[in-house]
Amino acid sequence: MPDNKQYKVFKIEQGTVIDHIPSPRGLAVFRLLSKNNNSLISIGLNFDSKTVGKKDLIKFEGKIISKKETDKIALIAPEATINIIKDFKVIEKRHIDIPSDIHGIIRCLNPNCITNIEKIDTIFKVVEKKPVKVMCHYCERTAEVKPDMIDKE
Amino acid sequence: MDRLEDKKLLKIKHLLGIQGMCREDLELILKTSESFKQILDTPNKKVAALKGITVVNMFFENSTRTKISFEMAEKRLSADVVNFAASSSSLKKGETLIDTAKNIEAMKIDMVVMRHSTPGAHKMLMENLNSIIINAGDGAHEHPTQAILDLMTIVEHIPNLKGKRVTMVGDIVHSRVAMSNIHALKLFGAKVQVCGPATLIPKDIEKMGVDVTYDLNEAIQNSDAMNILRIQLERHVGSSFPSLREYHNYWGITNEKLARAKNDILILHPGPMNRGVEIDDDVADGDHQVILDQVLNGVASRMAVLYLLSANIGGEK
């Protein structure tokens with residue numbers, strides 16, 4: 001049963017809560033995960049946070065996010081926390097780890113890179129974690145990860 | 001020369017770039033290049049080191065020196081040489097590079113020398129083919145054999161590069177030669193400097209451990225060798241300087257400017273040269289230039305690369 005505590009964003013019965021997204025990156029995370037997603041989504045922006053100053057949060061009703069989606073979040077909001085909810089209770093807390101190698105997910109910013117010309121998956125090596133910087137395995141160009149580099153499929 | 005079966009092995013299996021190579025590999029290539037250069041000075045310039053080996057030259061960008069140099073090196077080593085003309089290939093009919101390369105490899109080839117406008121194309125081929133891949137230039141990324149021949153030419157005159165200053169002048173931002181040279185020279189302890197208009201110097205190049213100056217006269221005074229680079233107009237988007245005349249006034253190497261240089265300064269140019277733009281006739285044909293030495297060393301060093309890498313034919317990737 002739901003408790004009677006008042007929430008600024010609705011509690012969800014089942015699904016995923018992504019919390020502690022440093023503002024203003026909440027909408028970028030939302031855009032990343034919202035494609036082909038028909039579940040009810042609640043978004044809260046600019047909450048006060050002891051850990052990240054101002055934070056955003058997103059709640060997906062009825063959707064459990066995948067490992068691939070967790071990796072995507074790691075690239076733009078590694079500080080975020082992910083809670084999986086069932087019967088209004090947190091049944092799993094996921095830590096976000098930035099992977100050392102990223103296969104697919106992001107595209108190379110170098111328009112001349114072979115990955116933007118031939119049909120091959122991108123591979124990146126993470127060279128810095130704050131902010132996340134990656135080096136393309138193929139053209140060896142290094143870039144800070146921006147939301148528009150991330151594959152939204 | 002060592003016999004083929006006795007040859008020392010490089011740590012690399014393919015030559016994709018200088019970045020990531022170790023000094024020992026470069027030293028072995030240079031040493032082997034010297035041996036091949038001696039052979040090139042004999043009446044019979046041919047050895048049977050690659051007899052029975054098939055090398056395909058795939059050039060997707062224009063090339064004169066590099067293409068002829070590789071073909072010459074392959075023929076001097078007695079390899080069977082096939083030249084692939086991209087302009088008349090199935091790539092023009094929509095075939096992917098991987099499919100084209102796999103089809104060629106199915107004809108039992110052993111090594112691929114490729115120039116391509118796309119950085120990473122060589123690494124993709126390496127991951128999809130069993131042949132040995134040699135990078136003959138990929139976009140503005142790397143041109144490893146040019147760096148090796150430049151290094152060989154400099155070391156012939158300056159055997160110990162530690163602490164010596166080598167300056168790359170000109171269009172650094174679009175130059176694969178500059179990138180490969182920087183990696184190679186730093187492995188040998190040289191102080192590397194780049195000089196040119198701010199619009200042609202890559203942002204953050206200092207992070208590669210390179211000094212930057214925009215003052216050509218200062219660069220000339222403190223350099224032991226200078227590698228003069230062509231303006232890569234074919235890679236420019238928009239205008240990076242007002243005019244070729246202005247470029248020449250500020251960045252062109254002239255005998256008058258060279259009067260401030262050390263007496264034994266070396267002038268290199270990877271070609272093709274634009275006389276009257278980045279280099280004057282007097283300098284291009286003068287006492288300090290080693291430009292034709294670079295061309296000869298190109299054949300010798302490419303023979304060395306082909307010869308040493310051929311040890312990996314049929315081996316693991």
Side-chain angles (χ1 to χ4, degrees), chain A residues 22 25 28 32 67-68 71-72 74-79 98-153, chain B residues 14 16-21 58 60-61 86 90-91 94-102 114-129 133 135 137-144 173-176 178-180 182-183 202-208 232 234-237 317:
Chain A
R25 282 179 259 167
L32 211 58
K67 167 79 172 71
K68 188 175 178 184
D71 285 347
K72 286 182 182 180
L75 295 173
I76 55 171
E79 306 88 343
I98 300 168
S100 57
D101 297 297
I102 299 161
H103 293 251
I105 300 180
I106 51 178
R107 61 180 179 79
C108 185
L109 276 185
N110 179 358
N112 295 321
C113 177
I114 192 71
T115 58
N116 288 319
I117 292 166
E118 294 272 323
K119 287 180 183 167
I120 56 170
D121 287 338
T122 57
I123 305 172
F124 290 88
K125 187 176 181 61
V126 174
V127 292
E128 278 181 41
K129 294 200 169 180
K130 277 191 180 178
V132 182
K133 284 188 180 175
V134 293
M135 185 174 80
C136 175
H137 168 71
Y138 290 99
C139 73
E140 297 177 341
R141 183 173 289 191
T142 299
E144 184 181 331
V145 175
K146 301 286 184 191
D148 60 358
M149 288 168 68
I150 301 175
D151 180 10
K152 295 180 181 63
E153 290 301 320
Chain B
H14 308 262
L16 305 183
I18 302 292
Q19 186 175 15
M21 279 184 79
M58 300 170 70
F60 295 88
E61 277 190 329
S90 293
L91 287 161
E95 190 171 55
T96 65
L97 174 61
I98 292 177
D99 282 338
T100 301
K102 280 184 173 173
M114 184 168 81
R115 169 169 288 188
H116 201 280
S117 59
T118 303
H122 299 79
K123 203 172 261 184
M124 182 190 71
L125 275 201
M126 182 195 79
E127 290 168 353
N128 285 279
L129 301 184
I133 310 294
N135 183 356
D138 59 343
H141 180 224
E142 283 236 32
H143 191 352
V173 75
H174 298 104
S175 174
R176 53 191 171 214
M179 292 304 116
S180 291
I182 289 168
H183 293 304
K203 201 178 94 176
D204 295 337
I205 196 168
E206 294 95 337
K207 288 182 180 169
M208 294 178 75
Q232 311 246 334
E234 70 275 19
R235 298 189 203 284
H236 283 213
V237 178
K317 281 189 181 181

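Just so it is clear: chains get the letters A, B, ... in the order the sequence lines come, proteins before strands, and each one is counted from 1.
For the pair B:Pro119/A:Asn112, a side-chain contact is recorded, criterion being any heavy-atom separation below 4.5 Å from C-beta on. For the pair B:Ile98 and A:Ile120, the minimum side-chain heavy-atom distance is below 4.5 Å.
For A:Asn110, the part lying near chain B is the side chain, with the backbone staying farther off; criterion is any non-hydrogen pair under 4.5 Å.
Proximity to chain B at a heavy-atom threshold of 4.5 Å picks out A:His137, A:Tyr138, A:Cys139, A:Glu140 from residues 129-141 of chain A, in numerical order.
Other residues, nucleotides and ligands contribute more than 12 heavy atoms inside 6.0 Å of the CG atom of A:Asp101.
Here the closest non-hydrogen pair linking B:Met124 and A:Ile114 is SD-CG1, 3.7 Å.
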